[in-house]
Amino acid sequence: MVNLDEITPTNFIEEEIIKDLKNGVNTEVITRCPPEPSGYWHIGHCKAWIINFETAKKFGGYTNLRMDDTNPTKEDGDFANSYVDDLRWLGYEPKNVIYASEQYFDIMYKMAEQLILDGKAYVCELSADEINATRGTLTTIGTPSPYRDRPVDESLRLFREMKEGKYPDGKMTLRAKIDMSNPNICMRDPVIYRIMHVNHYKTGDKWCIYPMYDFAHPIEDALEGVTYSLCDINFENNRPLYNWFIDNVWKRYPRPRQIEFAKLNLENVLLGKRYLKALVNEGKVLGWDDPRFYTIVGMRRRGITAQAIKNFVMNNGITKAESIIPLSALEYYIREDLNKITTRAMVVLDPLKVVITNYDAEPMEIEIDNNPNDENAGKHKARFGKIIYIEKDDFAITPPPKYNRLTLGGVVRLKDAFIIKCTDVIYKENGEIDYITAEYIPSSRSGNDTSGIKAKGTIHFVEESNAFPITIREFDNLTKPEYLEPNKALADGVPIDEILAENTLHESTALAEKFLQNAKPEDKFQFMRKGFYTLDKDSTENNYIFNKTISLKDTFNKK
RNA sequence: AGGGGUGUAGCCAAGCGGUAAGGCACUAGACUUUGACUCUAGCAUGCGUAGGUUCAAAUCCUGCCACCCCUGCCA
């Protein structure tokens, strides 16, 4: 345990925990990460896992990863396997990795039998439609099932026969006997076991009855010694039921405590398994890890760091108020982290050839700071020479106001090299610029400039012998900007093709410093004055593909 | 006889009876061999709304309004 006096709560959940701990209601903070292995995690899941892991860590406790695999029709072992890696990438190590199906189904079954014995559960032979029809509505109470008061031993016999496979799917269910007139519909005799003759990815055909979430989840928490079950606000209505099962099945105190928080919504971000799946299947994206997806694997491939995601989630605050956060809020943390950790490189995305007419020697070596904000980052070597390339938009014949770059007859500093002066523009037959010529100022070498010449701007460049072509992939938002809540629009019936923006993946070639040939997939760089990029896994020895994570802020072009 | 939640700036969010923190975004400006980073300044006479209590209310009380969730043998 930690010293409570040294902990400053940063959100209402921590405040509640501190109260419990000080009152002796609980003595430790054990949380859980309970995914249903049925899909790829996205940024919304990240928030839930981050809260559970960070809260436990703050109080000296731990977190379990538990596959909440109680519905074999939806689940798949491949997902379960990927979650440990995803968690590790996020920087979290679960204390235990648990498959509810494998470890808890036996005990949960026994507990269900005991519930029947206690007169608090019964086998109901109403069909699904009949159950729905008798559940009542939001404003009217439900009517009891005709099987509600059947003898205990009859329910017990039937339940055992259900387990033995004597009945087909849907024939009967086990229901908790709670209160058909409760204003909270969750409490109107919820189904807790249903018959499913389906092969489970973990338990195979051992079971043909499976517990429902509402029954399983509180018991799983209790069995594991979880003290705080931190989940999203969707489950608020289920909390009385959660407590009911603790009270009537577990019967021990203190109860694990469920506390809910608002889930994360990002403006203009498409989530939702079925929509993403459709895009994957139709080949409209690169895969589940498409960098335009805000899945964990997608963000990772895009070059977004786990640290940025964590900072974003924690700094945005944890409350119960619903919110939709603009992407710019996430982007801030992406840039902040990448700025700290990336090596700088000079890459010319849209090259313009420059011939230095007064330099005829072999290319000379220059040195580039790997990260000017980090003294320990070191330097790497690059070159200056007769033939160099600069960005097309770093040269203008008729410059816009306050233009700091190269103009005909003007000067500009080449980063970590020399000041050059543009002397001429050579055109092609079709009227386009072929190349430009310039003279370098020998006495203006970076770090040893005695020229006395002031250049207003500094631009990046690559020297011909030190450059190699790379492929650049840039990504636009998958959905049109007017759809701030794409999932809501989809739910409202707007067709997905209407929501999707066109041409959101752009491939181009660029000229990069040769040291980038040492890059490994997921290595991250800042292409100076341009943005942050990461090497894509599709890269080969002959084709280096860099994904653009995000651009640098640009206060010039904005104006 | 509906219940459970949430409303503080464009977006998040502190605040817990003593006179509206902070961040993002935005706007100026400084610095800069990245128009990045960093720095400085600006940005709610008002806290969904109407009353009430109080010397004092975003905070307490009452009414009203808006939005979200709940009628799966999903989680």
Side-chain angles (χ1 to χ4, degrees), chain A residues 10-11 15 34-36 38 68-71 73-75 124 126-129 131-142 169-175 181-188 190-196 209-210 212-214 216-217 231 233-240 260 262 267 312 315-333 335-336 339-340 344 346 369 371-373 402-405 412-419 444 446-447 449 455-460 526-532 551-559:
Chain A
T10 56
N11 56 252
E15 284 176 5
E36 181 188 31
S38 65
D68 215 354
D69 50 3
T70 57
N71 185 346
T73 63
K74 292 174 63 183
E75 293 145 12
C124 178
L126 255 24
S127 70
D129 286 345
I131 288 179
N132 285 335
T134 53
R135 191 169 2 240
T137 69
L138 297 178
T139 52
T140 59
I141 63 174
D169 292 4
K171 177 74 178 165
M172 53 186 72
T173 58
L174 184 68
R175 290 227 259 169
S181 62
N182 199 299
N184 183 347
I185 294 172
C186 288
M187 303 295 275
R188 320 237 265 228
V191 170
I192 59 179
Y193 264 91
R194 74 289 216 189
I195 302 171
M196 288 176 140
I209 58 170
Y210 291 91
M212 299 281 288
Y213 165 88
D214 282 312
H217 205 87
C231 62
I233 212 157
N234 256 11
F235 295 99
E236 209 161 25
N237 293 319
N238 305 55
R239 190 172 64 223
E260 311 86 6
E267 258 181 23
F312 168 67
N315 287 319
N316 260 289
I318 295 157
T319 68
K320 298 185 74 152
E322 264 184 52
S323 63
I324 306 170
I325 302 174
L327 225 28
S328 61
L330 204 212
E331 290 172 341
Y332 170 83
Y333 292 100
R335 290 194 181 97
E336 181 194 47
N339 187 47
K340 280 184 202 158
R344 264 93 254 232
M346 296 207 281
D369 278 330
N371 185 343
N373 302 127
K402 296 194 177 172
Y403 189 74
N404 284 347
R405 288 106 97 156
V412 78
R413 158 76 59 186
L414 295 176
K415 174 74 179 165
D416 288 325
F418 297 93
I419 292 173
S444 67
S446 290
D449 185 354
K456 275 194 293 183
T458 300
I459 63 173
H460 61 101
Q526 185 198 92
F527 292 176
M528 262 187 276
R529 301 205 305 133
K530 287 298 171 185
F532 296 100
S551 65
L552 253 32
K553 283 184 100 176
D554 184 352
T555 50
F556 177 69
N557 284 318
K558 181 183 274 179
K559 285 172 190 168

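A, B, ... follow the sequence lines: proteins, then strands. Residue 1 opens every chain.
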Among the nucleotides B:A1, B:G72, B:C70, whichever has the atom closest to the side chain of A:Met212 is B:G72

- So what does A:Lys402 hit on the nucleic acid, given a heavy-atom distance under 4.0 Å: a base, only sugar-phosphate, or nothing? base

Between CG of A:Asn339 and P of B:G35 the distance, given in whole Å, is 13 Å

Checking B:U33, B:C26, B:A75 against the side chain of A:Lys74 (C-beta onward), the nearest is B:A75

Any N or O donor-acceptor pair linking the side chain of A:Arg413 to the base of B:U33 at under 3.5 Å? yes

From CD1 of A:Ile141 across to C1' of B:C70 the rounded distance in Å is 17 Å

Looking only at B:A36, B:C73, B:G4, the nucleotide nearest the A:Ala128 side chain is B:C73

- Can you find a donor-acceptor pair, distance only, under 3.5 Å between A:Arg239 side chain and B:G4 base? no

Taken to the nearest whole Å, CG/A:Asp554 to P/B:A25 is 14 Å

Any strand, both distances under 3.5 Å, Watson-Crick or G-U wobble: B:A41 pairs with B:U27

B:A25 and B:C61, which share atom name P, separated by this distance in whole Å: 38 Å

With rounding to whole Å, what would you report as the distance between B:A57 and B:G52 at their P atoms? 12 Å

* **B:A13 versus B:C24 - spacing of their P atoms, nearest Å** => 16 Å

_If I pick the C1' atom on B:U59 and the same atom on B:C11, what distance separates them, to the nearest angstrom?_
24 Å

Discussion item. Work out how far the C1' atom of B:U45 is from that of B:U38, and round it to whole angstrom.
Written reply: 34 Å

- prompt: How far, in whole Å, is B:C70 from B:G17 if one measures between their P atoms?
  reply: 35 Å

field: A:Thr173 (side chain) donor-acceptor with A:Val191 (main chain) under 3.5 angstrom
entry: no

Closest to the 5' end of RNA chain B, once A:Ala417 and A:Thr140 are matched to their nearest nucleotides, is A:Thr140

Tell me whether the side-chain N/O atoms of A:Thr70 come closer than 4.0 Å to OP1 or OP2 in B:A75. yes

Pairwise C1' distance, B:C65 and B:A50 [rounded to whole Å] = 10 Å

Which of B:C73, B:U33, B:G2 is nearest the side chain of A:Asp416? It is B:U33

A:Ile185 has its side chain closest, among B:A1, B:U34, B:C70, to B:C70

Worksheet item: What integer number of Å spans the P atoms of B:U6 and B:G10?
Response: 23 Å

Practice problem: May I ask you to verify whether the side chain of A:Glu15 and the base of B:C16 hold a donor-acceptor pair under 3.5 Å? | Solution: yes

Here the distance between atom C1' of B:C74 and atom CG of A:Asn132, to the nearest Å, is 13 Å

RNA chain B nearest-nucleotide lookup for A:Ile318 and A:Glu75: closer to the 5′ end is A:Ile318

In whole angstroms, the gap separating C1' of B:G7 from NZ of A:Lys320 amounts to 14 Å

Rounded to whole Å, CD of A:Glu260 lies from P of B:C70 at a distance of 14 Å

When rounded to whole Å, the CE to C1' distance for the pair A:Met196 and B:A75 reads 12 Å

### Query
So does A:Arg194 get a side-chain nitrogen or oxygen closer than 4.0 Å to the phosphate oxygens (OP1/OP2) of B:A75?
yes

Checking N1-N3 plus N6-O4 or O6-N4 for Watson-Crick, or N1-O2 and O6-N3 for wobble, each under 3.5 Å, the partner of B:G72 is none

Worksheet item: So, is A:Tyr332 near the phosphate of B:C24, with a side-chain N or O under 4.0 Å from OP1 or OP2?
Response: yes

#### Entry: Donor on one side chain, acceptor on other, A:Ser446 and A:Arg413, under 3.5 Å
yes

Considering only heavy side-chain atoms of A:Asn234, the closest of B:C69, B:G23, B:C11 is B:C69

Here the distance between atom C1' of B:A75 and atom OH of A:Tyr213, to the nearest Å, is 7 Å

B:G22 glycosidic conformation (syn if within 90° of 0, otherwise anti) is anti

